[in-house]
J.: 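Here it is, the structure, as structure tokens.
By convention here, the first residue in the shown sequence is residue 1. Whatever order the structure lists ligands and atoms in, that order sets their numbers, starting from 1.
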Amino acid sequence: MRTIIEPFRIKMTEPIKMLDRGQRIEKLKSAHYNIFFLNAEDCCIDLLTDSGTGAMSTEQWAALMRGDESYAGSRSWKRFKAAVQEITGMKHVFPTHQGRAAESILAATRVKADHTVPNNSHFDTTRANIEYVGGLAVDLLCDRGLDIALEAPFKGDMDIERLEACIKETGADRIPFCMITVTNNTGGGQPVSMANIRETRSVLDKYDIPFVIDACRFAENAYFIHEREKGYRGKPLIDIAREMFSYADAATMSCKKDGLSNIGGFFVCNDDRWAEEFKNLLILREGFPTYGGLAGRDLEVIAVGLMEALDYDYQVYRHATVEYLGNKLLELGIPHVRPVGGHAVFLDSKAFLPHIPPLEYPGIGLVNALYIEGGVRAVELGSVMFGRKDAHGNSTPALLELVRLAFPRRVYTQSHFDYLAEVIEAVWRDRGEITGYRITQEPEFLRHFTCHFKPISSEL
Ligand code: F0G
């Protein structure tokens, strides 16, 4: 059959509230035009993130009941550790309450004030954790990754030449480790090829620099490798994932993505000294190393979820949903990152709203228009999230101005995506009326979560 169906039936439902346009404008105003302040119940289709927002399977709910809540050495910890080791093959496993906790302890134990950490593209929390301890987070995405319209299989790849140049310029002794983020969330959810992971490893080997994978969407990346890279067709996804991890010395993970859980993360590594230092800070910040900030039941859910994420039929369905929306946008001529990513469709707000300059935040204009039009909650990945400000308050815009429509896992059905496409089409039709924004209040770090905006035109 041509139709790819959801490989599950729905056993439990959650109502969606429909507000009218006037009500939505009022809600947005009281949220200071920042969708992070909206109540979730006021969003009709919530695509703010694919993180922790998925639906659990019957097996996960059943596993949850098996949770062993012992403080130390629980059965749930053993099952969690076994699942993580089966996939990553790493010697040391540490649960954390989510991905950023693993990043923060990694940064605190390994990154010093004059250090540089290269990555294909740092996620915002990874960058913030490195900068918080005084390090410099450098993005070395390949040029293909910046060409929004280019149809290429692995636009998340690291630029190997620039990586080597960065190492030579910085000095290997000032690079505590190098990261690769799979898939590359910030750069449009694009995959990284196995060849690129291997090449990164061999450059790092030359300079004796450890290699850390940011593995949040490792299963989606494994599926892309299966579909697009020569020699991997027909291989079980778990084998592809194992090969990816085999090139790394350590990994950070947010299980809220490809752990198919609502909370949780982990850090894995092979080096005993890294493990010892990580463990000591973990106890201080998260909890005893066999639960690391999680309940026993969370560990159970993740042990099952990691394996379900590697199920081939699940990945076929998952990617079909993202492509379904992507193809509709293509037909309508609406600019978005091509090909579509593994977990999200990224609209190109620069091309969508060319009349709004980057420092008037076209991404915020588009995000707010999507909410007003159809109650769709999306998120800006542009100059608000990634723009820089120097000591004199001068702002530099981000390289790309994107709006991400992230797909929660196993949550929305085809009619939701049809509705979504209609909303985007309506916003596209009236795009000339969308205004830019200015920031009226902002914190020092991760400003996108809590800053306040005001529309530049007074229409709203
Ligand atoms: N790395 C990547 C690539 C991520 O996408 C995220 C989270 C993290 C690290 C941090 O993990 O949230 O468990 O602390 N991304 C979410 C998102 C928040 O919406 O893309 P966390």
Side-chain angles (χ1 to χ4, degrees), residues 35-36 40 43 46-54 94-107 117 119-132 137 139 141 145 156 158 177 179-192 212-221 224 244 248 250-268 282 285-286 292-294 298 301-302 305-306 309 322 337 341-346 363 367 377-382 384-386 402-409 411 445-446 448-450:
I35 47 83
F36 281 101
C43 303
D46 199 347
L47 306 179
L48 180 58
T49 176
D50 62 321
S51 181
T53 51
F94 299 104
T96 57
H97 81 276
Q98 54 184 85
R100 68 197 68 183
E103 293 162 6
S104 130
I105 299 176
L106 174 68
V117 178
N119 199 329
N120 49 350
S121 300
H122 289 273
F123 185 64
D124 59 354
T125 58
T126 326
R127 170 180 297 282
N129 272 308
I130 291 165
E131 289 177 351
Y132 190 68
D139 289 345
L141 182 63
M158 172 83 83
F177 54 86
M179 296 185 83
I180 266 198
T181 305
V182 297
T183 56
N184 179 17
N185 184 10
T186 312
Q190 299 294 318
V192 180
V212 181
I213 293 186
D214 176 342
C216 299
R217 298 177 182 85
F218 75 97
E220 288 169 12
N221 202 77
F224 276 121
M244 282 159 47
T252 54
M253 171 75 187
S254 168
C255 298
K256 300 170 77 173
K257 286 83 170 172
D258 279 349
L260 299 179
S261 65
N262 301 121
I263 195 71
F266 61 73
F267 175 71
V268 286
L282 181 78
R285 289 189 179 174
E286 293 281 288
L294 292 173
D298 300 325
V301 158
I302 294 166
L306 288 168
V322 188
V337 176
H343 67 295
V345 167
F346 291 70
V367 164
R377 179 154 66 169
V379 69
E380 189 251 21
L381 273 83
V384 176
M385 199 183 272
F386 300 117
L402 303 177
V403 162
R404 186 184 73 172
L405 304 158
F407 291 19
R409 293 173 179 78
V411 169
F445 282 104
L446 300 172
H448 51 285
F449 289 127
T450 55

J.: Considering only heavy atoms, does Lys256 approach ligand 1 within less than 4.0 Å through its side chain, its backbone, both, or neither?
T.: side chain

J.: Quick one: nearest non-hydrogen protein atom to atom 7 (C) of ligand 1, plus distance?
T.: Lys257 NZ, 2.6 Å

J.: For Cys216, state whether at least one heavy atom is located under 4.0 Å from any atom of ligand 1.
T.: yes

J.: Where does Arg404 meet ligand 1, judged by heavy-atom distances below 4.0 Å: at the side chain, the backbone, both, or neither?
T.: side chain

J.: Just wondering, do Phe218 and Leu306 contact through their side chains at under 4.5 Å, heavy atoms?
T.: yes

J.: For Glu103, take its heavy atoms, then give the atoms of ligand 1 lying under 4.0 Å from any of them.
T.: 1 (N), 8 (C), 9 (C), 10 (C)

J.: Which heavy atom of the protein is the closest neighbour of atom 10 (C) of ligand 1, given with residue, atom name and distance?
T.: Thr125 OG1, 3.5 Å

J.: Can you tell if the side chain of Arg127 reaches within under 4.5 Å of the side chain of Asp139, non-hydrogen atoms only?
T.: yes

J.: Can you name the atoms of ligand 1, numbered from 1 with element, that are less than 4.0 Å from a heavy atom of Ser254?
T.: 11 (O), 13 (O), 21 (P)

J.: Below 4.0 angstrom, N of the basic side chain to O of the carboxylate: do Lys257 and Asp50 qualify?
T.: no

J.: Considering only the protein, which heavy-atom contact is closest to atom 12 (O) of ligand 1, and what is its distance?
T.: Arg100 NH2, 2.8 Å

J.: Under 4.0 Å from a heavy atom of Thr181: which atoms of ligand 1 are those, numbered in the order shown and with their elements?
T.: 3 (C)

J.: Between Cys43 and Arg377, what is the shortest heavy-atom contact and its length?
T.: SG-NE, 3.5 Å

J.: Go through ligand 1 atom by atom and flag the ones less than 4.0 Å from a non-hydrogen atom of Gly99.
T.: 11 (O), 13 (O), 14 (O), 21 (P)

J.: May I ask you to decide if the ring planes of Phe449 and Phe36 are parallel, tilted or perpendicular, using 30° and 60° as cut-offs?
T.: perpendicular

J.: Give me the residue, atom name and distance of the protein heavy atom closest to atom 5 (O) of ligand 1.
T.: Asn185 ND2, 2.8 Å

J.: Do any nitrogen or oxygen atoms of Gln98 come within less than 3.5 Å of a nitrogen or oxygen of ligand 1?
T.: yes

J.: Considering non-hydrogen atoms of the protein only, which is the closest contact for atom 8 (C) of ligand 1, and what is the distance?
T.: Phe123 CD2, 3.5 Å

J.: Which residue is it: Thr181, Thr126, Asn184? I am looking for the one with a side chain to side chain donor-acceptor pair (under 3.5 Å) to Ser121.
T.: Asn184

J.: Could you tell me whether the side chain of Ile105 reaches within less than 4.5 Å of the side chain of Phe267, counting heavy atoms only?
T.: no

J.: Are a donor atom and an acceptor atom from the side chains of His343 and Asn185 found within less than 3.5 Å of each other?
T.: yes

J.: Distance to 0.1 Å, residue and atom name: give those for the protein heavy atom nearest to atom 1 (N) of ligand 1.
T.: Asp214 OD2, 2.7 Å

J.: If you measure from CE on Met179 to CD1 on Ile130, what distance do you get to the nearest 0.5 Å?
T.: 6.0 Å

